[in-house]
Amino acid sequence: MANVVEQLKHLFMPKSVAVIGASRHPGKIGHEILRNLIEYGFEGKIYPINPTAEEILGLKVYPSILDVPDEVDLAVVSIPAHKVPHVLEECGEKGVKTTAIISSGFGEIGNVELEREVLDIARKYGIRILGPNIIGVVYTPSKLNASFGPRDVVKGNIAFLSQSGALGIALMGWTITEEIGLSAVVSLGNKIDIDDADLLEFFYEDENTRVITIYMEGLRDGRKFMKVAAKVTKKKPVIVLKSGRSERGAKAAASHTGSLAGADRIFDAAFKQSGVLRAITFEDMFDWARALATQPPVKMNEAVIITNGGGAGVMATDAAEEYGVNLLEPSPKLIETFRKYMPEFGSPRNPVDLTGQADAESYYGAVKAAFESEEVGAIIVLYCRTAVLDPMDMAKAVMDAVKDAKEEGYVKPIVVNLLGGEDTIKASKELNRKGIPSYPIPERAVKTLGAMIKWSKWAGYLK
Ligand code: ACO
């Protein structure tokens, strides 16, 4: 069998894409996929296929894939399920390398025979299949949006794999609003051929991806997944949100994507054994991914909390214990250093409380000192909105400290929380844009650091 990574390059980096079932009608799935492909800026060749049209969205249409005067790497198939075997035969004759089958109406409704027929044809010709029952595929480095999800996916280095199409679409939209940068969105659907493990193999090698996130309902081959995951997670974090945790949830998963979920604790144990971080909510999944995609590994579990609010500091301290974040006992020397950046009534111990009168210089000084100290392994910066310090000025102080520290060779993970109203959200976004993960409540920042510590231990950065 050909190398899976090479095969999947045709899916993610195709030179040419055909849309079989490209519709003339706006609002129909085959039309919107074609529009996304064009408008997201795919630079390869695009061939709409439709026996009843001549031109769609300014592109020449071919009645069949066999009429295309060029090689086709990827065929996106958006025609009713019963017509799929015929066009797949044609794809085989044409020498198409991969297909993304959008069509529903296969195993998820008990139509397993049709699924088998399709798979047999694909095997006969050596075509790889993504799906069926999917929203498509996005790979931002290739400017490829071959999906009927939102168009303007933000470019970044997090791969997002989803077994559910609708959740895939919804979260694509959410990542756009939250400005979470993605390298890929892959809808897996019924996974009759390409599965999570195959994709992990690809993203393991993919230099545009630093973190892999997966929404999963079930696995066909748990052992294969575990084996590949155990290898991949040593190099890149893999975060899985596995639903169907309850008995009724598992039944719902079975009728959704035909997944036989199996006992949840088996998944839980398998994830632990293969170094997979298990998220319970999407919020966790993307919180962690954002930090793991931008921050260096944790090399010392000795964190310091820098805050202008005592209450936020206490909450973060509680959370630290809960999520496995060890708080540093600072040396007298470090205590004296922190004391320089606060009034007399501040507290230079950990949490380092700069007090409500903290200004941008206090934050800059304390954060920079934390970077410079050999005792500190990770930094948690908290800010409560006060009238004396504008959140954007606080964010700028943190950005400057991170930048200057980096220039001086100090590299360590940092997470931030800005607590307040509208203007703190804006400042938080600015931090995220600069690759400094920032969250609206202290616990999310601390929990994220906890996940980073877990992965850093697994990958051997942290003893
Ligand atoms: N080759 C090429 N084009 C063809 C062929 C063929 N053999 N046969 C028909 N076509 C054309 C049609 O003429 C039509 O074009 P037109 O609108 O210009 O006339 C176009 O292809 C589409 O064919 P239709 O028969 O109109 O099919 P329709 O678009 O209604 O449905 C679809 C196809 C979308 C694949 C549907 O069967 C389906 O499965 N829908 C669900 C898909 C889905 O939701 N997947 C994700 C699941 S996850 C989630 O829930 C979001």
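Start at 1 and go down the list; that is how both ligands and their atoms are numbered.
Residue Val87 has at least one heavy-atom neighbour below 4.0 Å for each of these atoms of ligand 1: 7 (N). The distance from ligand 1 to the heavy atoms of Thr52 drops below 4.0 Å at these ligand atoms: 13 (O). Set against the non-hydrogen atoms of Gly165, the atoms of ligand 1 under 4.0 Å away are 48 (S), 51 (C). Heavy-atom proximity to Ile20, at under 4.0 Å, picks out these atoms of ligand 1: 1 (N), 2 (C). Taking every heavy atom of Ile29 and a limit of under 4.0 angstrom, the matching atoms of ligand 1 come to 34 (C), 42 (C). Shown in contact with Ile135 at under 4.0 Å from a heavy atom are these atoms of ligand 1, numbered in order with element: 51 (C).
Between Phe282 and Tyr215, the two ring planes are tilted [angle within 30° to 60°].
When the heavy-atom distances from atom 42 (C) of ligand 1 to Pro48, Gly21, Ser104 are ranked, the shortest goes to Ser104. Checking Ala18, Ala22, Pro80 against atom 27 (O) of ligand 1, the nearest heavy atom belongs to Pro80. Of all the listed residues (Ile79, Val61, Val77), Ile79 holds the heavy atom that lies closest to atom 35 (C) of ligand 1. Across Pro51, Ser78, Gly131, Gly30, heavy-atom proximity to atom 22 (C) of ligand 1 is greatest for Ser78.
By the ring pair (Phe, Tyr, Trp, His ring centres under 6.0 Å) test, Tyr62 pairs with Tyr47, sequence neighbours left out.
Side chains of Asn133 and Ser104: a donor on one and an acceptor on the other come within 3.5 Å. Of the N and O atoms on the side chains of Tyr139 and Asp206, at least one donor lies less than 3.5 Å from an acceptor on the other residue. Judged purely by distance below 3.5 Å, without hydrogens or angles, the side chains of Glu93 and Tyr125 never pair a donor atom with an acceptor atom.
Taking both residues in full, the closest heavy atoms of Lys236 and Glu205 are given as NZ-C, 4.3 Å, listed atom of the first, atom of the second, then distance.
Geometrically, ligand 1 and Asn50 share a nitrogen or oxygen pair separated by less than 3.5 Å. For ligand 1, one of its N or O atoms has an N or O atom of Arg24 under 3.5 Å away. Residue contacts with ligand 1: Ala81 is placed with no nitrogen or oxygen under 3.5 Å of a nitrogen or oxygen of the ligand (distance criterion only).
By the 4.0 Å N-to-carboxylate-O rule, Lys242 lies close enough to Asp264 to be salt-bridged with it.
Applying the ring-ring contact (aromatic ring centres under 6.0 Å, His included) definition to pairs two or more places apart or across chains, those involving residues 153-183 are Phe160-Phe286, Trp174-Phe286.
The proximity of His31 to ligand 1, defined as any non-hydrogen pair under 4.0 Å, does not occur for either the backbone or the side chain.
Taking the ring centroids of Phe203 and Phe12, they lie under the 6.0 Å cut-off.
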